[in-house]
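Only one structure is covered here, and it is reproduced in the block below.
Keep in mind that the numbers below use all heavy atoms, side chains included, and drop hydrogens, waters and symmetry copies. Predicted model only: the values in this text are computed from it and were never measured.
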Amino acid sequence: MPGHMISFIGAKGGVGKSVVAANYAFANSIENKQKTFLIDADMKSAGDQSLITGMKLNKSLKELSAFSGSMEPRALASFISQHKMGVSFIGVPNDPLMAQAIDVDGLGRTLKTLSKIYPLTVVDLGSDLNPLALKFLEYSTLVMVVVSPDMLVLNQTKRLYSELISSMIPQEMIQFVVNQSQSSHPISTDVITKQLRKKPLALLNRDDKNTIAALARSAPLVTLSKSAPLADGVYSLVRLIKQKSILTQLEKINRKEIAKPQSSSAPLKARAGSKDPWTELKSRIHRGLVEEIDFKKQDNKDPHAQVILKEQTKRVVIDLLNKENATDVLRSKEQMNQIVKEILDEALGLGPLEDLLANTKVSEIMVVGPKKIYFEQEGKNKLSDVTFTNDHQVRQVIERIVQPIGRRIDEKTPYVDARLKDGSRVHAIIPPCAIDGCTITIRKFPENRLTYKDLVSFGSLTQEMADFLRIAVESHQNIIVSGGTGSGKTTLINVLASFIPANERIITCEDSAELDLPQEHVVRLETRPPSLEGDGEVDIRLLVKQTLRMKPDRIVVGECRGGEALDMLQAMNTGHDGSMTTIHSNSPRDAISRLETLVQYAGAGLSPKGIKEMIASAVNLVVQQQRLDDGSRRITHITEITGMEGEGISQQDIFKYTQEGVNKQGKIIGKFQATGLIPKFIEKIEKKGYKIPRGIFTNN
């Protein structure tokens, strides 16, 4: 029969928690004739149990947590101290710094095996729910909160009780033990019950004389006198727990999944023809949560207010769940934790997208209605097993994204471009345009800014190509980054812009600010949609025009997709050399053709030849980025625009990527090659005194 763990905890010092825990361990060993393990895990009062019991540390929890071998009785014996009364002992190091170094996760692996060795483990915890305490609570069957008849203690105990509930400890597992109880005390049992809203499990009478005498002898009182008031109360508590099978009953609450064939961590799925009970429960809690808290009136910008709101919301959610008869849905503590997390994420965050956003391996998230969430990982699209509760929840997430940055989405304008706090780009579109429900596309960006060295290590380009692009940027060449959707254009233009010298003034123009440049002197401009009255719209073209009055050394346009292409080319041709932009196209030649088309959108009435001459004069390089079939991203062409040749724009490739095949793992095999051609601008800057190594234009 597996053993149990009882954790003793107190909200305030001076309640006698350690004395009660030690005496309980010895009383259990004597009364029930069971091997009992006593653990001192109070990091603030390390060493108290040695004074109470007379047992000294052999080795500490720090050494035990670092043990990587098989935890068998013989191995455990080398760590513990043994008392003749059948109680084993170990505790935290007396040095607080060493106590902080306990490997909590490593200790957790050991705690799993204790129930196989000891019928009962008694843990003396502190008053703080630190990581060590939470780890012990995770394996506890019963949590004994020791209180005394003192209003300050009761006030702090209410705080601790709330924190325990918020830490997902079931209410049935938490019991109160009143120490130093006195029949004539004004703070009676009824007062304590009213304050804590729960009747104490046991009363331990005040016994200062015998307790002090036992401490002087470094021996638990229950081993010296069974008839002493405190000892008698502790023995009665041991018998009560055994007679009422309290530990056995609580074990059923803690491990309900044993009686069920379903996994403890998986939410209960709906039977055929019925609604999903997990989703139904979440919906009910959401409705109750909205009645309790007005989220619209909360301050979403103050981080401190958000922390307070999260704690308040968590407590309300747990309280609502405790009122539900949800034993068929929530079959374990793990499922309780999971549903609370999901409800909090949907109420305060981005719902089921939170875990995907936190996953650094996920580069893109695509939501198609409430029940389909796809994500891109290692270049491949995958279907997630998480879903939204309903389409209303998806709409709420969209609103939560767009409101902080002053954007809106409604039936009049059913689409929006936005960004998250970390800079990730968001596009959303809602019904009636989105037939299958609200649709969200999130382009994530790396936590750490990528450099050209990262792209070289990823195989996106070679060191020689990176050196050439640095030379091009530093020498004020106008560059267009071309590529398809998801090919990595924004990442690449970020890297190229990082080559701009720090003493130059950079102005960026974007629909939704995504560029993250390392330089200090950067001015970031962002478009603005029209108001509800249709006024106040600021588009990219207007922003580009404004940059010309802001003394820019460099202009970087996030993407040209309309008439702003004309303004960009004019800026490149009128003293703003070294500017950059991106464009959607599949090859350098297609990029030039698309640029011609976009210029016509400006409605300037230019002739086709005039447009081509403007492009040939303004653009120096086209860098083609492509996402290959295996999900990898490569710079497939670095192409120089050499001028006009007859009626067309002439180009020459400086570097290109050639695909050679596919290996057994499905990865594309290819190589980067220099064409051997020397760009014309190299000759120009060399005449100014720059020395350019010609070796970068040859294949080694």
Side-chain angles (χ1 to χ4, degrees), residues 168 257 260 262-272 274-287 289-290 295 310 313-314 317-318 320-321 324 326 328-401 418 420-422 424-431 434 436-445 447 486 631:
M168 310 307 297
E257 70 271 18
K260 304 287 182 178
Q262 185 171 343
S263 168
S264 65
S265 59
L268 190 66
K269 302 297 182 182
R271 297 176 182 176
S274 65
K275 293 183 178 179
D276 180 1
W278 183 271
T279 303
E280 286 279 307
L281 177 59
K282 283 172 59 178
S283 297
R284 292 197 300 272
I285 300 302
H286 271 297
R287 289 193 292 269
L289 192 59
V290 171
F295 291 100
K310 184 173 182 179
T313 306
K314 184 176 181 180
V317 169
I318 294 171
L320 291 171
L321 284 170
E324 287 273 346
D328 290 339
V329 181
L330 305 179
R331 296 172 173 175
S332 67
K333 189 189 296 184
E334 288 78 11
Q335 287 188 351
M336 182 74 165
N337 286 331
Q338 181 63 27
I339 200 167
V340 169
K341 180 183 181 303
E342 289 183 13
I343 293 170
L344 287 177
D345 285 345
E346 291 188 6
L348 303 175
L350 302 185
L353 305 185
E354 289 286 346
D355 289 338
L356 292 174
L357 288 168
N359 188 340
T360 56
K361 295 182 179 179
V362 173
S363 57
E364 194 142 3
I365 303 169
M366 297 148 282
V367 178
V368 185
K371 301 304 179 184
K372 293 180 183 178
I373 301 177
Y374 295 89
F375 62 94
E376 180 187 292
Q377 187 172 351
E378 297 178 348
K380 299 294 184 180
N381 291 336
K382 302 176 182 179
L383 178 63
S384 172
D385 56 359
V386 297
T387 61
F388 283 92
T389 303
N390 50 47
D391 205 48
H392 177 66
Q393 294 294 336
V394 189
R395 179 67 178 270
Q396 281 188 325
V397 165
I398 296 173
E399 295 286 354
R400 199 167 288 130
I401 292 172
L420 301 180
K421 292 179 181 179
D422 63 358
S424 297
R425 184 175 70 197
V426 181
H427 178 270
I429 186 166
I430 62 174
D436 297 321
C438 297
T439 301
I440 309 173
T441 307
I442 301 177
R443 175 76 52 79
K444 287 179 59 182
F445 292 103
E447 292 182 356

State, to 0.1 Å, how close Val386 and Ile373 come at their nearest heavy-atom pair, and which atoms those are.
O-CD1, 3.5 Å
By side chain to side chain contact (heavy atoms under 4.5 Å, CB included), which residues pair with Glu354, not counting sequence neighbours?
Asp345, Leu350
Shortest non-hydrogen contact from Gly351 toward Val397:
N-CG2, 4.3 Å
Test side chain to side chain contact (heavy atoms under 4.5 Å, CB included) applied to Asp436 - qualifying residues, sequence neighbours left out:
Val368
Testing Ile440, Thr441, Thr439 for side chain to side chain contact (heavy atoms under 4.5 Å, CB included) with Ile429, which one passes?
Thr439
Those residues at least two apart in sequence (or on a different chain) that pass side chain to side chain contact (heavy atoms under 4.5 Å, CB included) with Thr387 are Lys371
Going by salt bridge (Lys or Arg N to Asp or Glu O under 4.0 Å), name the residues that satisfy it together with Asp355, two or more places apart in sequence or in a different chain.
Lys341
Among Met366, Glu376, Arg425, which residue meets the side chain to side chain contact (heavy atoms under 4.5 Å, CB included) test with Arg443?
Arg425
Apply salt bridge (Lys or Arg N to Asp or Glu O under 4.0 Å) to Arg400 and list each qualifying residue two or more places apart in sequence or on a separate chain.
none
Looking at Gly369, is its backbone amide N or carbonyl O close enough to the side chain of Asp391 to form a donor-acceptor pair, meaning the two atoms are under 3.5 Å apart?
no
For Gln396, what residues pass the side-chain hydrogen bond (donor to acceptor under 3.5 Å, both in side chains) criterion, not counting sequence neighbours?
His392
Specify the closest pair of heavy atoms between Lys444 and Ile365, including all atoms of both residues, with the distance to one decimal.
CD-CD1, 4.2 Å
